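Below: the structure, in structure tokens.
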Amino acid sequence: MSPLNFTHILTQAVDELSESESYKGLFHQHTDGNPLPSARALRDIVELARAIIFPGYFGNSNVNSRTMTYHIGVNVERLFDLLTEQVLAGLCFGGDDEGNTCTELQREEAAQISANFISRLPHLRRMLATDVEAAYNGDPAARSFGEVISCYPAIRAISNYRIAHQLLELGVPLIPRIITEMAHSETGIDIHPGAQIGTHFTIDHGTGVVIGETCIIGNNVKLYQGVTLGAKSFPLDEEGKPIKGIPRHPILEDDVIVYSNATILGRITVGRGATVGGNIWVTENVPAGGRIVQTKAKK
């Protein structure tokens with residue numbers, strides 16, 4: 001059948017989709033000359049950062065101690081160029097509602113942010129080294145650090161989170177959330193870049209874990225699959241809209257273990273050394289050293 005027979009249907013759909021009320025709040029007015037964030041470039045940025053942090057496991061597999069400086073230098077230069085462009089895109093995306101093109105000041109800011117991020121890569125490597133150690137020590141099935149780095153979805157998700165968290169701290173809009181959502185899609189682990197997470201953090205198996213924006217997680221914390229660290233309720237403003245930016249997610253102090261499918265909600269504190277059992281809801285503070293488990297039904 002000829003497409004001409006459907007012209008009136010297609011025309012009507014175009015007319016309805018072009019009505020301003022139909023796309024209100026869903027339309028981004030892009031300014032000519034402003035770059036847009038690129039998912040492909042951001043994936044390249046994350047992979048470059050991984051190649052720098054875990055040399056030999058990602059990127060050029062021929063790197064050795066004699067060529068380390070050269071390979072890291074090449075990757076750092078490429079990372080700086082790519083990241084500067086994407087940070088600029090983030091800055092322009094967040095500020096072009098007035099129809100202005102990116103300014104030279106924004107370009108200088110993007111370059112400064114990228115340089116500052118690269119200066120934090122040694123810190124990122126130290127942090128991720130503790131996460132690899134925690135995953136290896138916490139899993140009897142792990143045969144080597146290399147297996148953990150190459151195979152474990154938790155390390156991939158935590159790497160993306162730690163990269164995104166540094167960018168968020170440096171004031172980059174939009175880009176950090178895209179980076180953590182990439183890991184979410186790949187691993188099923190959802191960590192908001194705004195969460196604060198200490199050293200030696202690990203997630204066993206990992207699928208279905210959710211860590212909210214205002215979570216604070218101490219050192220040597222272990223989560224199992226299906227754990228939710230979420231908000232219990234959303235305070236509303238006078239117009240009935242959620243109030244943004246207030247603390248609403250749990251605090252997990254050092255040495256906490258949370259077993260599979262536990263749900264911890266609200267701005268509560270799980271004290272140091274506490275254990276939260278699987279398949280339970282926790283909405284009140286847990287004392288240090290406490291053990292919260294399902295109670296057996298009385299016969």
Side-chain angles (χ1 to χ4, degrees), residues 127 130-131 134 154 157-158 160-181 183-184 187-295:
M127 292 289 285
T130 72
D131 301 327
I158 295 168
N160 278 44
Y161 154 75
R162 293 207 186 278
I163 291 167
H165 182 72
Q166 293 298 319
L167 291 171
L168 188 69
E169 284 195 332
L170 290 168
V172 179
L174 184 64
I175 302 301
R177 192 64 187 274
I178 296 175
I179 290 173
T180 53
E181 290 302 326
H184 184 193
T187 67
I189 299 170
D190 181 3
I191 309 176
H192 194 285
Q196 300 177 46
I197 301 177
T199 66
H200 298 86
F201 178 60
T202 186
I203 306 172
D204 203 351
H205 303 295
T207 306
V209 166
V210 177
I211 300 174
E213 176 190 18
T214 62
C215 278
I216 299 175
I217 297 175
N219 300 324
N220 196 36
V221 170
K222 184 174 186 178
L223 310 180
Y224 283 80
Q225 70 271 17
V227 168
T228 297
L229 306 179
K232 184 167 61 175
S233 60
F234 302 97
L236 305 178
D237 61 20
E238 295 178 354
E239 298 179 356
K241 297 179 180 179
I243 300 173
K244 306 284 186 177
I246 61 173
R248 60 192 186 278
H249 298 100
I251 299 170
L252 275 56
E253 295 184 344
D254 296 350
D255 306 315
V256 167
I257 300 176
V258 184
Y259 284 95
S260 58
N261 298 312
T263 300
I264 305 175
L265 301 179
R267 192 58 161 191
I268 62 173
T269 298
V270 180
R272 181 172 185 150
T275 299
V276 177
N279 298 300
I280 60 174
W281 283 57
V282 180
T283 57
E284 297 180 354
N285 291 335
V286 178
R291 182 178 174 84
I292 308 298
V293 296
Q294 282 187 346
T295 56

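As the structure is a computational prediction, the values presented were derived from the model and not from experiment.
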If you round to the nearest 0.5 Å, how far is [atom2] of [Y] from [atom1] of [X]?
| X | Y | atom1 | atom2 | value |
| --- | --- | --- | --- | --- |
| I203 | Y224 | CD1 | OH | 12.5 Å |
| N285 | I268 | CG | CD1 | 6.0 Å |
| W281 | N261 | CH2 | CG | 12.0 Å |
| I216 | E253 | CD1 | CD | 10.0 Å |
| I175 | I163 | CD1 | CD1 | 13.0 Å |

May I ask you to test the [X]-[Y] pair for a side-chain heavy-atom distance under 4.5 Å?
| X | Y | answer |
| --- | --- | --- |
| P193 | R177 | yes |
| M127 | T199 | yes |
| R162 | F201 | yes |
| V258 | L252 | yes |

Any donor and acceptor pair, going by atom type alone, linking the side chain of [X] with main-chain N or O of [Y] inside 3.5 Å?
| X | Y | result |
| --- | --- | --- |
| H200 | V221 | no |
| T214 | H249 | yes |
| R272 | G218 | no |

Work out which heavy atom in [X] is nearest to a heavy atom in [Y]; give both atom names and the distance.
| X | Y | result |
| --- | --- | --- |
| G271 | V256 | O-CG2, 3.3 Å |
| G277 | A262 | O-CB, 3.5 Å |
| G171 | P173 | O-CD, 3.3 Å |
| I179 | L167 | CD1-CD1, 3.8 Å |
| Q294 | N279 | NE2-O, 2.9 Å |
| P287 | A274 | O-CB, 3.8 Å |

Identified side-chain contact (heavy atoms from CB on, under 4.5 Å) counterpart of P250 within the set V276, I217, L229: L229

side-chain contact (heavy atoms from CB on, under 4.5 Å) partner of I211, chosen from D190, L223, I189: L223

Name of the residue among R248, R267, K244 meeting salt bridge (Lys or Arg N to Asp or Glu O under 4.0 Å) with E213: R248

L170/L168 under side chain to side chain contact (heavy atoms under 4.5 Å, CB included): CA gap, chis, key distance, verdict: CA-CA 5 Å; L170 290 168; L168 188 69; over 6 Å; no

N-O pairing of D255 and K222 below 4.0 Å: no

Flag for T180-N160: side-chain donor and acceptor within less than 3.5 Å: no

Exercise: do D254 and N220 side chains pair donor with acceptor under 3.5 Å: no

Derivation and outcome, side chain to side chain contact (heavy atoms under 4.5 Å, CB included), residues I280 and I292: CA-CA 9 Å; I280 60 174; I292 308 298; 3.5 Å; yes

Intermediate values then yes/no, side chain to side chain contact (heavy atoms under 4.5 Å, CB included), V293 and Y259: CA-CA 10 Å; V293 296; Y259 284 95; over 6 Å; no

